Amino acid sequence: MDARFFRALLCGAILSFGCTKKEKEPLELKIHHPKVDIKLDPHAMEDAYSMMINSQLYRGLFRYNPTGDVLVDLVDTWTESADRTSYKFKLKPATFSNGDRITAKNVQLSFARLFLVGAAIGADIDYIKGAKTFAKTKNLNDLGIKVISDDEVEFMLSFPSVLFIKHMAVSDCAIFNLKSLSNPKELPDGFSGPYKLESSENNRLKLTKWRKDPFDSINPPEKIIFFGSSENPVELAMKDETDTLDNDPVSSKDQAALEAKSWGAVPTVLTSETYIVLNPKYVDLAARKYLASKVSSEDLIREVAHPIFKPAYGFIPKGFPGEMEKSDVNPVEKTSYSGKSISFKLDYDPDVELEVKIIKYLTRVWTHDKISITLNPMSKAEKLRRLFGKISESVVARKGMDYPDGISVLTYFRANYDANYFHISDPAVDKKIDEAMREFDTQKRISLYKETQNLALRHHTTIPLMFGTDASGLWSQKVKRIPSHPMGYHTMLFETIEMRAD
Amino acid sequence: MKLATRLQSQMNFVFVVTAALGFLVLSLNTYFSVTQIKDKAINLITSHLKEIATAGITAQSMADIDREAARLTEAWRATQDIDMRSDIYVDGQLIAHSGQLQKFGLLSSFANEKFALPSNQNLEIHIELDLAGVIFSSILLSTTFFIFLSGCYLLIRSKLFKTIREITSPIENRATWLSNSYGQSPGPDEYHAQFESSNIEEVKNLDASLLSFISQIKILEESAAKQSFDLGRLKMAEHLAHNIKGPLASLQMRISVLDISEEQKFRLIEGVNNVLMSSQALLTARKVRAVETAHDVDIHLILSRTITDFKERLPERVQLAFLHNDVSQIPIKGISTEIESMFRNILDNAGESISAKGKIEVSVQLTKNQAAISIKDTGCGIPKDRLPLLMKEGATFGKPNGTGLGLSHALSTIQTLGGKIEIDSEIGSGTTVKLEFPVTAKASELPSIEIDKTQTVVILDDDPLIHQCWQLKIPEDSGVKRVNLYSAQEFELWMAQHGPGDFGSRVYFMDYDLKTDHTNGIDLIARYDLALEARLITGMADSDPVISEARRNRIRLISKSNLANMQISILNRSDDAQISGHRGSNEGSTYANRN
């Protein structure tokens, strides 16, 4: 054997080595969240993080894509009646993660459960015929959702709503593997989403992908770990313990350091609004009026000095039908406070630079002999816990949109809405929201949206501060492509993320 | 520089230039392609997004921009080989993104476009193109090109140059060897031993050809050396023969007027002829024969003359008988000196073979076309086994001082005459040499020259002895006016002074070689139009160029060696008195227009 033979052998070995694809473990996508109480029940969730996780485990008849367009999910085709009070949905042939077929009965029972357990979305979709009656009788015959066949179901509405399909697409309207309503609090096995829960321990939820999905990216994340942590998110990122700071504010310096580690940013939570929630139990109306009159969104924006932030006068984000210009807002009477002395705590997250700036501004403009404000710094998780528990005396809060319509913000002001942590219970507001939901005329609906906001604003429990977010939108180098998610990552479907192959 | 080395050097240059140009072209192509693609990408994104953004950026239009950017990027990726990512900012806020999350890194190209929208918003579009694929493709292409080029180069170098070396190396080695061996006279065997490095048939054949060529050169070198020597001898002999002919002719002329018996005159003249023949014997070297010209001779006369001479040297104990058999003349075409030399050698052999009393018998037989001469002796004889060898050069028998040239010379001479020689011998009885050869027509007669007393004889020759000879031939008391000129200048001057004269009033005897470069006797005869009145008297009458030139000018030619024998008649219209020369010979007179 001569040297040429050995050279050929070596080349062959190199080529075969190069051509042999090494089996690699799929990359885990690690997502941190504040240590809030994650509720793995779409009908019971209150925070955005629970919503984010449930959106991966469960799917409904429709879904939103990252830019807010409604797409079919479990529905194959549908028809609507001429008066738009009847919709018949034909289901795709699909199964739950445990292999059970998804049937029309599952759809009926899932929506029935929604009303039984008092899910937040229930207030939005109580235009479904018999929804209120069913909540009392618990008789499916009273509910306007009828099973036509195994794969066909009919929804009947009390009145036509332009938002019906949009409501069907929110993550609350998930479909469960329910066989009956004997124990509505318990959720049965089987997930209708592309991910299933593999394990849940020590505040770590491990999700694995169990099916192919039409909306899958080229290389969707096969394993996602959601974990709660009170540690500074940026430090977690620096230690490679989390793969996203999407919803977290990150300083320019830290962002540069992370970009050096091949982290990249995408647009996120563009619709977010920052506001002050004043709890009427601790701050009476006179004081709230006075405090509201002292806040100037424009002044605050100048103080924050960042082009991302825009002045906020109402609750519907800029760019959406129904957004409030300054002129649309009923002027607040210039008033001085002469009531009793009050004292309340102001909750905020000291790790968030924006909140610190806001606190600094507020303590300056709210200076008054009879008003004593105690700054109450705390973790984000604790702040959210107190906010959702409606026990905050006052809090700097932020909220995005659940779906791309102004009504998704306004329904939070409904009196019987569990997630209404704005301390508003006003029949006039409820009435306006109902009217808006029934209104098909765009201009009239916009007027109703604005009237609703003015009605809510007159309570001064919520003072709009600014639109825009300081969320970084950063993701780690594990992620190759990720869709823009202007409503925030809690609305995003994670199978659309493309992971790096290596 | 050797051919293969030079070719390889040039090949290296071509390889380097080709590789460098290839890399340059690929690099430029990559650069311009990338620039073009970048412009295309910017146009694609900005033209679409500007339209959406012009109405003002709202939450809804942000979604539209994001959706459009994503759609364009996906379309770009589907149609282009270069990946793209974009970030769109409004007033510094990232509102849309497309493509992969992370920046592409070092191998990328950036482009930023800023627009002020009518809504007082600032739209900023950042586009990044991933050039890794293009650059990798370019590198891959370059590498492939380089590997291909290197492969071709190495293949050519290993195969072609091997062949070229196989072809050129032996030739270069031979050239080197020949160069080194110049003047050292290497032998073919030495040459052959050095070169066996090629397996190519053509080169082998070339090798064999060159070997043969060099061998031939060696032979020719030896031959040329000998020929050069012989030519030197020939030149010397020619010079001697030329120079001696004049004096001998003069001597013959003087003998002819001596007051002695005719027999004695004949003997003296024959002696002079022998001297002439001796001078001609210098021309008997083998190469001389090739340049000597055959002409009509009487072989019977030559034999008679040789026998007469031989008799004088023959001891008394040996008797010689010459049987003519009524033959008086045997005309053939040959060289008289060679023939005489042949007869002398055979007779000498016969005489030397007889140690005691003996007899030599020479007989001549002549038929219509054939002549036979037999020379028989009663000598010691030659052994049968030696007879075949006798005709070879260097072979001799029974003669203590023999050179072995006699019989071989006789053989070559008789073969030149178209005849054959046979030797019959017996030990103790003697040897008989038989010569047979074809005869030709009768040899031409020596034309007589008639001169009228009224004519003037103009003699042009640089040799004073020739003039003396003419004085004997045409004495002053003959009544013929004689003009003696010694050079071409004198002749030209005389002709200028006296003019051409009336036709027939003069007879010119002109020498050919006038010892001057610018003219000769033929030139002068031609120039003055004297062909009908002149005769060329020259010692170069046997020279083909002279014969050809004389024939072309229709000039009659007479050899100087025959001048003594030439018959001149001086006529007088009133008195037919005739002055005759000596008995002439049939040999020696030629015409320029002879056959």
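Note that the structure is a prediction, hence the values are computed from the model and not measured. Per chain, numbering begins at 1; letters A, B, ... match sequence-line order.
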Ion pair check, B:Asp83 and A:Lys480, cut-off under 4.0 Å: no
Within 6.0 angstrom of B:Phe115 CZ, more than 12 heavy atoms from elsewhere: yes
Nearest heavy atoms of A:Ala265 and B:His97, plus distance in Å: O-ND1, 4.1 Å
Close side-chain approach of B:Arg85 to A:Arg481, heavy-atom, < 4.5 Å: no
Within 6.0 angstrom of B:Tyr31 OH, more than 12 heavy atoms from elsewhere: no
Heavy atoms of other groups near B:Leu106 CG, more than 12 under 6.0 Å: no
Residues 251-262 of chain A: residues contacting chain B (heavy atom under 4.5 Å, by number): A:Glu259, A:Ser262
B:Ile65 side, atom CD1; A:Ser484 side, atom OG - distance, nearest 0.5 Å: 11.0 Å
CD/A:Glu353: more than 12 non-hydrogen atoms of other groups inside 6.0 Å: no
B:Asn120, CG: over 12 other non-hydrogen atoms inside 6.0 angstrom: no
Flag if over 12 foreign heavy atoms under 6.0 Å of CD, B:Gln10: yes
Enclosure of A:Phe440 CZ (heavy-atom neighbours >12, cutoff 6.0 Å): yes
Heavy atoms from other residues, nucleotides or ligands near CZ of B:Phe23 exceed 12 (cutoff 6.0 Å): yes
Heavy-atom pair of closest approach, residues A:Ile482 and B:Leu101: CG2-CD1, 3.6 Å
Closest non-hydrogen atom pair between B:Gln102 and A:Val479, with its separation: OE1-O, 2.7 Å
